[in-house]
Amino acid sequence: WESIRPLARFNGPGDIALMARTLSAGAIAELSAQTTGKAFLTLLTLTNSEFAAPHRFVNNTVAITSNGQTFVPMPFEVTMPDDSEDQGPSGALSIDNIDRSIVQLVRSLTGAERIKVRLDVVMSSDLDTPLMTYQDFEMRDIQYDAQVISAQISLVNFLDEPWPFDAYTPNLFPGLF
């Protein structure tokens, strides 16, 4: 549960939503129960064109299979992207640096392409049905040391891009002047 924050907000009587996403009745019952045998698992998928294959991790102690893909256990913590109106969604990702494989992946990148991040939250009782999905995020500001790899995750902020792309100047568009 610690790996999924910020989480719930109440939109009205009997309605719980995660980041403005409505949950199923079963998920609401599990969140509301005093004790439960089910867990909410965060699935992490890292991709890049330079990787031989996507790297899939689950914040769990055992490997799981979701939608035909195997996710290996890896301790990590995610601050889920926020839904703010004044900026693009962004969050944070911290992965325990227990086997150094992710640091080797980061060091092996030679191009300017960023590592793509996909996050899915599933219930242990139904691993093939995500309760929420964040996709097309990019890792930025990657830092690592002997204990942890940390990065900001965000979408490309198109609000910071110049519009229109070209400036209408006499050099670029002499026919207008």
Side-chain angles (χ1 to χ4, degrees), residues 1-9 17-21 23 27 39-124 127-163 165:
W1 210 208
E2 267 306 298
S3 69
I4 311 171
R5 58 176 202 261
L7 261 184
R9 75 173 155 228
L18 289 178
M19 305 286 295
R21 288 157 184 83
L23 290 175
F40 290 84
L41 303 174
T42 305
L43 309 178
L44 170 65
T45 304
L46 303 178
T47 58
N48 187 290
S49 62
E50 294 184 37
F51 295 167
H55 296 273
R56 295 180 175 90
F57 306 103
V58 61
N59 196 2
N60 198 14
T61 56
V62 296
I64 66 160
T65 300
S66 176
N67 292 309
Q69 305 296 328
T70 301
F71 290 80
V72 298
M74 177 71 72
F76 62 87
E77 188 173 305
V78 178
T79 302
M80 292 296 188
D82 51 9
D83 285 342
S84 174
E85 292 181 13
D86 58 342
Q87 67 181 10
S90 63
L93 174 64
S94 296
I95 306 171
D96 285 0
N97 194 10
I98 57 175
D99 72 352
R100 312 293 189 253
S101 64
I102 298 174
V103 170
Q104 291 171 355
L105 286 174
V106 171
R107 287 181 179 167
S108 71
L109 295 176
T110 59
E113 179 186 355
R114 297 183 189 271
I115 297 173
K116 299 278 190 215
V117 176
R118 178 184 170 121
L119 296 165
D120 294 292
V121 177
V122 297
M123 285 181 61
S124 60
L127 298 173
D128 292 332
T129 306
L131 297 173
M132 65 179 166
T133 298
Y134 294 97
Q135 57 189 4
D136 300 325
F137 281 79
E138 296 179 342
M139 289 179 75
R140 300 174 183 274
D141 304 324
I142 300 172
Q143 299 178 0
Y144 54 87
D145 58 27
Q147 284 82 33
V148 69
I149 302 157
S150 61
Q152 296 299 309
I153 56 172
S154 62
L155 293 173
V156 175
N157 189 355
F158 293 107
L159 298 175
D160 291 340
E161 297 295 322
W163 182 259
F165 177 72

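Predicted, not measured: the structure shown is a model, and the values here were computed from it. Reckoned from all heavy atoms, side chains included, excluding hydrogens, waters and symmetry mates.
Distance CG/L93 to CZ/R140: 14.0 Å, rounded to 0.5 Å. With values rounded to the nearest 0.5 angstrom, E138 atom CD is found 10.0 Å from T47 atom OG1. In this structure, the separation between CD1 on I149 and CD1 on I142 is 9.0 Å, given to the nearest 0.5 Å. How far CZ of F76 is from CG of N60: 9.5 Å, rounded to the nearest 0.5 Å. To the nearest 0.5 Å, atom CZ of residue F51 and atom CD of residue E113 are 8.5 Å apart. Summarising the geometry, atom CE belonging to M74 is positioned 9.5 Å from atom CG belonging to L46; distances are rounded to the nearest 0.5 Å.
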* To do: Verify side-chain contact (heavy atoms from CB on, under 4.5 Å) between T45 and F71, making sure each step is shown before the conclusion.
  => CA-CA 8 Å; T45 304; F71 290 80; 3.5 Å; yes

* Given side-chain contact (heavy atoms from CB on, under 4.5 Å), test Y144 with R107 step by step and report yes or no. => CA-CA 11 Å; Y144 54 87; R107 287 181 179 167; 3.1 Å; yes

* Does the pair Q69 and L43 meet the rule for a side-chain contact (heavy atoms from CB on, under 4.5 Å), with working shown? -> CA-CA 11 Å; Q69 305 296 328; L43 309 178; over 6 Å; no

* Can you list the steps and then say if M139 with I153 is a side-chain contact (heavy atoms from CB on, under 4.5 Å)? -> CA-CA 5 Å; M139 289 179 75; I153 56 172; 4.3 Å; yes

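Taking 4.5 Å as the limit, some side-chain heavy atom of L109 sits within range of a side-chain heavy atom of I115. Contact check for T61 versus P73: no side-chain heavy atoms found under the 4.5 Å cut-off. In this structure the side chain of F40 reaches within 4.5 angstrom of the side chain of M123, judged on heavy atoms. At least one side-chain heavy atom of T65 sits less than 4.5 Å from a side-chain heavy atom of T70. Side-chain contact between L119 and L44 is present, with heavy atoms from C-beta onward closer than 4.5 Å.
When every heavy atom of N59 is checked against every heavy atom of L41, the shortest pair comes out as O-CD2, 4.1 Å. Pairing each heavy atom of P130 with each of V122, the nearest pair is CA-CG1, 3.8 Å.
Note on ring orientation: taking the six-membered ring where Trp is involved, the planes of F57 and H55 are parallel (angle under 30°, cut-offs 30° and 60°).
Residues meeting the salt bridge (charged side-chain N to carboxylate O under 4.0 Å, His left out) test with R118, sequence neighbours left out: D120.
Side-chain N or O atoms of D136 include none that pairs as donor or acceptor with a backbone N or O of K116 at under 3.5 Å. S66 contributes a side-chain N or O that, together with a main-chain N or O of L127, makes up a donor-acceptor pair within less than 3.5 Å. D99 contributes a side-chain N or O that, together with a main-chain N or O of S101, makes up a donor-acceptor pair within less than 3.5 Å. Formation of a donor-acceptor pair under 3.5 Å by the R100 side chain with backbone atoms of A146 is found in this model.
Between the side chains of E50 and S108, no donor N or O sits under 3.5 Å from an acceptor N or O.
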